[in-house]
Amino acid sequence: MEKSLENIRKRIQKIKKKRPSYKEILGFYLKVRTEQEKIKPSLKPQTIQLKKEWKELLSKEGFPLLERKDFPVDIESSITLFRRLCKIGKTANPYMSKNVKRIEDAIEQKRIEPRKLFLDSPKEEDIEKILNELEIDKKIFLFFLKESMRPSIEEGVRSLLKEVNGERWLKNFCPICGSLPLLSLLKEEAGKRYLFCSYCGYEWRFDRLACPFCENREQDSLQYFFEEGEENYRINTCEKCKQYIKTIDIRAKELIDPVLEDIATLHLDIIASQKGYKRSIPNPFIP
């Protein structure tokens, strides 16, 4: 844990020197990651049981192994982490602090029950109705909820690595949970392309010359751009669906943390938005 966090700290310091304006968001990210790492030794997740005939059917039909709601979550650790992340949110900025206060008041009044949320995995629409009544920002609340479950989710992915073959999947959604990708990664000397899952963090192979959202393969409508001096980070765009994905070329550099590198290149997202492209799955740490 300490080695992983120390590497992240060092990387953040380098980013801050280059882009001082990112200081606040990087500091917030480090605090969240630190608490997530601290909670991992206490995790007691349930074992994910997959029947052989079910795995074979899913593989044959091209369906993911799980739905998001099927990930086993360590309830006690998630509740503890939820409270710790809310505490961090109190000092992040005035708007988040105001929402955290409302969340804590709602928990005290039992209008929101974290244990029930982690147990039942309610639909976002149902949560949204309650949050609207309490005047709580949905994005902020779901951020704390999902990041509280992340250590359990990552542990679940590790237990399933032997059940999937990311080299052969080649679809535009995650073979484990069915989610769309957050990022694209270029690896190995040949520049193989991998997609990084927005929900569980699994990586799988995908066609380098295709849009990972609409699967368009018409080369004239697939473009990319980057900033001079930052050729390892690029934005891949599709003229058919007008969406984009950020690609990180890690053939010549060590990748410490994909989500961190995404935050560090927020300026590319701004440029893509100005050019009229949309990001299907935003980074949860980016406002």
Side-chain angles (χ1 to χ4, degrees), residues 25 29 62-69 71 121 123-125 127-128 137-143 145-147 149-150 153-154 157 164 166 169-187 192-227 232-250 255 257-287:
I25 190 172
Y29 179 73
F63 294 120
L65 288 176
L66 302 173
E67 291 184 45
R68 291 184 185 185
K69 63 180 179 61
F71 271 99
S121 300
K123 295 180 180 179
E124 285 192 15
E125 310 89 78
I127 297 176
E128 186 172 9
D137 188 307
K138 173 188 170 184
K139 184 177 179 182
I140 289 175
F141 183 81
L142 290 180
F143 169 82
L145 193 67
K146 292 174 181 177
E147 292 305 313
M149 294 188 290
R150 188 160 303 285
I153 292 168
E154 290 176 352
V157 170
V164 290
W169 183 246
L170 299 175
K171 299 181 185 299
N172 68 336
F173 56 89
C174 176
I176 289 183
C177 69
S179 300
L180 291 173
L182 177 71
L183 296 166
S184 170
L185 308 172
L186 297 182
K187 297 183 178 183
K192 292 180 181 179
R193 187 189 201 186
Y194 291 79
L195 299 180
F196 178 83
C197 180
S198 59
Y199 186 76
C200 73
Y202 184 73
E203 297 174 15
W204 71 97
R205 278 284 305 280
F206 188 69
D207 188 348
R208 186 167 173 176
L209 301 176
C211 172
F213 302 113
C214 70
E215 299 186 271
N216 168 35
R217 285 175 166 76
E218 295 179 11
Q219 299 309 298
D220 290 345
S221 59
L222 296 171
Q223 309 292 333
Y224 71 87
F225 68 84
F226 55 84
E227 284 207 321
N232 289 333
Y233 304 93
R234 65 184 68 169
I235 295 290
N236 287 86
T237 62
C238 175
E239 293 303 321
K240 285 220 166 182
C241 67
K242 299 299 288 186
Q243 296 186 85
Y244 75 90
I245 191 167
K246 189 178 295 177
T247 297
I248 305 174
D249 189 338
I250 59 175
L255 183 64
D257 183 334
V259 178
L260 174 58
E261 296 303 321
D262 188 17
I263 295 170
T265 49
L266 172 59
H267 51 288
L268 294 179
D269 294 277
I270 294 172
I271 295 171
S273 178
Q274 291 172 343
K275 289 177 178 285
Y277 299 102
K278 294 181 179 180
R279 186 167 184 173
S280 180
I281 308 292
N283 186 308
F285 285 86
I286 297 176

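As the structure is a computational prediction, the values presented were derived from the model and not from experiment.
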Test side chain to side chain contact (heavy atoms under 4.5 Å, CB included) on V259 and F196 and set out the steps. CA-CA 10 Å; V259 178; F196 178 83; 4.1 Å; yes
Taking atom CG of L65 and atom SG of C174, what is their separation to the nearest 0.5 Å? 8.5 Å
Residues S184 and N236: side-chain donor-acceptor under 3.5 angstrom: no
Establish, for the pair K275 and F225, whether the NZ or CZ atom is under 6.0 angstrom from the six-membered ring centre and no further than 45 degrees off its axis. yes
For N172 and F213 the tightest heavy-atom approach is ND2-O, 3.2 Å
Separation between CG of L255 and CG of L186, rounded to the nearest 0.5 Å: 11.5 Å
Can you tell me how far apart OH (Y199) and CE (M149) are? Round to the nearest 0.5 Å. 4.5 Å
Evaluate side chain to side chain contact (heavy atoms under 4.5 Å, CB included) for I248 paired with T265, printing each intermediate quantity in order. CA-CA 10 Å; I248 305 174; T265 49; over 6 Å; no
For the student: nearest non-hydrogen atoms of F143 and P284, plus distance: CD1-O, 3.6 Å
Run the numbers on Y244 and D269 for side chain to side chain contact (heavy atoms under 4.5 Å, CB included), then give the verdict. CA-CA 9 Å; Y244 75 90; D269 294 277; 2.7 Å; yes
Measuring from N232:CG to T247:OG1, what's the distance to the nearest 0.5 Å? 11.5 Å
Apply side chain to side chain contact (heavy atoms under 4.5 Å, CB included) to residues E154 and F71 and explain how you reach the verdict. CA-CA 10 Å; E154 290 176 352; F71 271 99; over 6 Å; no
For the residue pair N283 / Y29, report whether a side-chain donor-acceptor contact shorter than 3.5 Å exists. no
Without swapping roles, check the side chain of R205 against the backbone of K171 for a donor-acceptor pair under 3.5 Å. no
Given I235, which partner from the list K246, E227, Q223 fulfils the side-chain contact (heavy atoms from CB on, under 4.5 Å) test? K246
Give me the atom names and distance for the closest heavy-atom approach of A264 to H267. O-CE1, 3.5 Å
Look at the side chain of Q219 and the backbone N and O of L209, then say whether any donor-acceptor pair between them is shorter than 3.5 Å. yes
Can any side-chain N or O of S198 pair as donor or acceptor with the backbone N or O of L180 at less than 3.5 Å? yes
Between atom OH of Y277 and atom OG1 of T237, what is the distance when rounded to the nearest 0.5 Å? 4.0 Å
Show the nearest heavy-atom pair for residues S280 and Q243, with the distance to one decimal. CB-OE1, 2.9 Å
Which heavy atom in K139 sits nearest to a heavy atom in I286, and how many Å separate them? NZ-O, 3.3 Å
Check whether more than 12 heavy atoms from other residues, nucleotides or ligands sit under 6.0 Å from atom NZ of K278, and answer yes or no. no
Only residue of P64, P181, C197 satisfying side-chain contact (heavy atoms from CB on, under 4.5 Å) with F173 is P64
Do you know which two heavy atoms are closest between D262 and L183, and how far apart they sit? CG-CD2, 3.7 Å
Evaluate the side-chain proximity of K240 to C211: yes if any heavy-atom separation is below 4.5 Å, no if none is. no
Counting distance only, does the side-chain N/O of R193 pair as donor-acceptor with the main-chain N or O of A210 below 3.5 Å? yes
